[in-house]
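Nothing fancy with the numbering, it's 1 onward along the sequence. It should be emphasised that the depicted structure is a prediction, and the values quoted were computed from it without experimental measurement.
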Amino acid sequence: FIINAEFLYEISFTQNTNWISIDGDNRTKGINYNSLYAANKSHLAYVNSKIYVAWQESNPDNKIQIRVAVCSSCDNSSTWTFVDGGTSQTGVNGIVDVDGNENATDPRLHMYGTNLYLAWIQHKSAAKQTRVALYNGDNSSPSWQTVDRHDEYGASRFGLNYNVVKDASNFVLASSGTKLYAVWAETDNSRGKFQIRVTENPK
């Protein structure tokens, strides 16, 4: 017991407890402070010496959208730039929801090679869909392109879980050197239970 106590004592005093606010306003206001709407479910990625943050945020129509901001050189006077290509009405999810009448939740950022991907859950009327978009990497002229499903007409209105009557949730991206993977939970309507689905996209 004495050895354990000494070990814990050493650990507690060798950790760095000095945290510096880099959201731009000395801990009193967040990145989305100028928004009138609630934000949560944030996710962070460090890409090419820049910090990207994605989150879900409601809008004037009481719909939830996905917002993304980047901080190129973060310090106490950090400046964040929105790179979701959206407006106060619609974020990245506007790619697949042009009329802005669907909720989009649970954003997940992922760096694969030199590319930044964003995944989220799109709440369509039939079932929640898994969506994935690729960032063009240009913070001055940001744009996103869906890379989950396409058909003869271009980008599909459905996500990776193309069975449109099964809800998807807890979507996560992961990668190795040559492949991008996606995993999510999906409702099995025949049993009333969730099952785990996994797909891969070879580079």
Side-chain angles (χ1 to χ4, degrees), residues 32 35 37-45 47 52-70 81-113 115-139 141-175 180-187 189 194 197-202:
N32 68 314
S35 172
Y37 308 101
N40 55 26
K41 298 288 184 72
S42 58
H43 198 247
L44 182 147
V47 181
Y52 290 82
V53 175
W55 67 93
Q56 65 182 52
E57 180 179 307
S58 56
N59 70 12
D61 296 324
N62 293 318
K63 296 298 178 182
I64 302 173
Q65 58 186 333
I66 304 300
R67 307 306 309 266
V68 184
V70 61
T81 304
F82 283 87
V83 292
D84 50 32
T87 67
S88 61
Q89 303 288 327
T90 307
V92 174
N93 49 293
I95 300 172
V96 296
D97 178 29
V98 293
D99 53 8
N101 63 355
E102 301 169 1
N103 288 325
T105 59
D106 301 312
R108 293 289 183 271
L109 292 165
H110 183 77
M111 184 69 177
Y112 175 44
N115 296 319
L116 177 63
Y117 289 81
L118 173 67
W120 70 94
I121 299 296
Q122 189 80 23
H123 296 228
K124 297 191 71 63
S125 57
K128 296 176 182 177
Q129 295 289 304
T130 55
R131 304 310 312 233
V132 184
L134 172 64
Y135 184 48
N136 70 346
D138 186 348
N139 295 334
S141 300
S143 67
W144 298 80
Q145 176 187 2
T146 54
V147 291
D148 40 27
R149 287 188 68 207
H150 287 74
D151 55 29
E152 65 271 26
Y153 303 108
S156 172
R157 60 194 184 93
F158 303 118
L160 289 178
N161 61 317
Y162 52 87
N163 189 324
V164 296
V165 296
K166 294 183 177 181
D167 282 337
S169 61
N170 297 322
F171 191 89
V172 176
L173 292 174
S175 60
L180 179 65
Y181 299 91
V183 60
W184 66 91
E186 181 178 293
T187 308
N189 293 343
F194 281 97
R197 304 303 308 270
V198 183
T199 60
E200 69 175 22
N201 187 343

May I ask you to test the [X]-[Y] pair for a side-chain heavy-atom distance under 4.5 Å?
X: Q145; Y: I95; value: no
X: T81; Y: N139; value: no
X: S143; Y: D138; value: no
X: F194; Y: S169; value: yes

Distance-minimising heavy-atom pair for [X] and [Y]:
X: Y52; Y: L109; value: O-CD1, 3.6 Å
X: E102; Y: H123; value: CB-O, 3.5 Å
X: A104; Y: W120; value: CB-CD1, 3.7 Å
X: F171; Y: V132; value: CZ-CG2, 3.6 Å
X: S141; Y: N136; value: O-ND2, 2.9 Å
X: L116; Y: L134; value: O-CD1, 3.6 Å

Separation of [Y] [atom2] from [X] [atom1] (nearest 0.5 Å):
X: L118; Y: H110; atom1: CG; atom2: NE2; result: 12.0 Å
X: L173; Y: Y117; atom1: CG; atom2: OH; result: 9.0 Å
X: I121; Y: N103; atom1: CD1; atom2: CG; result: 12.5 Å
X: T105; Y: I64; atom1: OG1; atom2: CD1; result: 6.5 Å
X: R131; Y: D148; atom1: CZ; atom2: CG; result: 4.0 Å
X: E186; Y: K128; atom1: CD; atom2: NZ; result: 13.0 Å

Using only atom types and a distance under 3.5 Å, with no angle test, would you say the side chain of [X] pairs donor to acceptor with the backbone of [Y]?
X: Q56; Y: N40; answer: no
X: N93; Y: I66; answer: yes
X: W184; Y: Q129; answer: no
X: D61; Y: K63; answer: no

Y135 and V83: CA distance, side-chain angles, deciding distance, side chain to side chain contact (heavy atoms under 4.5 Å, CB included) verdict: CA-CA 9 Å; Y135 184 48; V83 292; 3.5 Å; yes
